[in-house]
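Below is one structure, written out as structure tokens; the observations come after it.
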Amino acid sequence: YRRSGMERLEFREVVRRGTFRSFRKGEKIYRADQPLQYLCLLIEGVVEIRATYNNDEPFTRRLVSGAFFDLAVANVFGIKIGLFARRFEAEALTDCRVLCWSFEMVDEMANRVAPSVGAFWRNMLLFTVAAALNHLVVHNDMETHAVTSAGEPEAPGWYEGTARSAD
């Protein structure tokens, strides 16, 4: 609700189409041979993603509670965010809990359920992209400047994966 305005009815529709999964430290969440298979929300823990675009060197990023990955799947919501990787991998750096939606379920939410569900997803995606740009451009340091959707600092331990995002 804090990031997209999604109400309980729509939230239930979104959650029932996903699968909660747990991963142990060091376990692969997403293998390089699985691009565009799942959109995942990291609930607890820390994940490292590695993506290769075109012929560039792999891009590595650390994700913590509240982060979505593989965002390329979310293009089906009509916001052309791109991020189509030739290779995409995700590995649990700590024990993790993740909510994942298959490509088919994301497509269903974008095109075959109540229009409000897709609208809330678009709000969520815009928030996600804006927050990432804000961290990269303005703060250049997620650890010390991370804030919630209300502008409040994230809880101590958030960046280490020991606390959930307040959102």
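Quick note: numbers below take in every heavy atom, side chains included, and nothing from hydrogens, waters or symmetry partners.
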Using a strict cut-off of less than 4.0 Å between a Lys/Arg side-chain nitrogen and an Asp/Glu carboxylate oxygen, indicate whether [X] and [Y] qualify as a salt bridge.
X      : Y     : value
Glu108 : Arg17 : yes
Glu91  : Lys28 : yes
Asp95  : Arg24 : yes

Next item on the list: Report, as yes or no, whether the 6.0 Å neighbourhood of atom CZ on Arg16 holds more than 12 heavy atoms from other residues, nucleotides or ligands.
Entry: yes

Margin query: Within the supplied structure, the quantity of interest is the number of heavy atoms (other residues, nucleotides, ligands) at a distance under 6.0 Å from Arg8 CZ; does it exceed 12?
Written below: no

What closest approach, in Å, do [X] and [Y] show between heavy atoms, and which atom pair accounts for it?
X      : Y      : answer
Ile79  : Leu125 : CD1-CB, 4.4 Å
Ala85  : Ala51  : CB-CB, 4.1 Å
Val117 : Glu10  : CG2-CG, 3.9 Å
Arg122 : Pro115 : NH2-O, 4.4 Å

Do any N or O atoms from the side chain of [X] and from the backbone of [Y] form a donor-acceptor pair under 3.5 angstrom?
X      : Y     : value
Arg31  : Glu89 : no
Trp101 : Val14 : yes
Thr94  : Val46 : yes

4.5 Å side-chain heavy-atom contact, [X] and [Y]:
X      : Y      : value
Phe59  : Arg50  : no
Cys40  : Asp70  : no
Leu71  : Thr128 : yes
Leu93  : Val47  : no
Ile49  : Thr60  : no
Asp107 : Arg112 : yes

Calculate, to the nearest 0.5 Å, the distance between atoms [atom1] and [atom2] belonging to [X] and [Y] respectively.
X      : Y      : atom1 : atom2 : answer
Leu99  : Ile43  : CG    : CD1   : 5.0 Å
Ser102 : Tyr38  : OG    : OH    : 7.0 Å
Glu7   : Phe120 : CD    : CZ    : 6.0 Å
Met124 : Phe77  : CE    : CZ    : 10.0 Å
Glu48  : Leu63  : CD    : CG    : 9.0 Å
Met105 : Thr19  : CE    : OG1   : 9.0 Å

Note to self: Could you tell me if Ser65 and Glu44 have a donor-acceptor pair between their side chains, going purely by distance under 3.5 Å?
What the structure shows: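 No, because no side-chain N or O of Glu44 sits under 3.5 Å from a partner of the opposite role on Ser65.
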
Next item on the list: Step by step, work out the side-chain contact (heavy atoms from CB on, under 4.5 Å) result for Val76 and Phe103.
Entry: CA-CA 9 Å; Val76 300; Phe103 183 88; 3.6 Å; yes

Note to self: Parallel, tilted or perpendicular, judged at 30° and 60°: which one describes the rings of Phe88 and Tyr30?
What the structure shows: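 Aromatic pair Phe88/Tyr30 classed perpendicular.
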
Check: Hey, mind stepping through Phe20 and Val98 against side-chain contact (heavy atoms from CB on, under 4.5 Å) and telling me if it holds?
Finding: CA-CA 6 Å; Phe20 287 95; Val98 179; over 6 Å; no

Check: Where do Leu39 and Phe68 land on the side-chain contact (heavy atoms from CB on, under 4.5 Å) test, with the steps shown first?
Finding: CA-CA 7 Å; Leu39 173 63; Phe68 285 95; 4.2 Å; yes

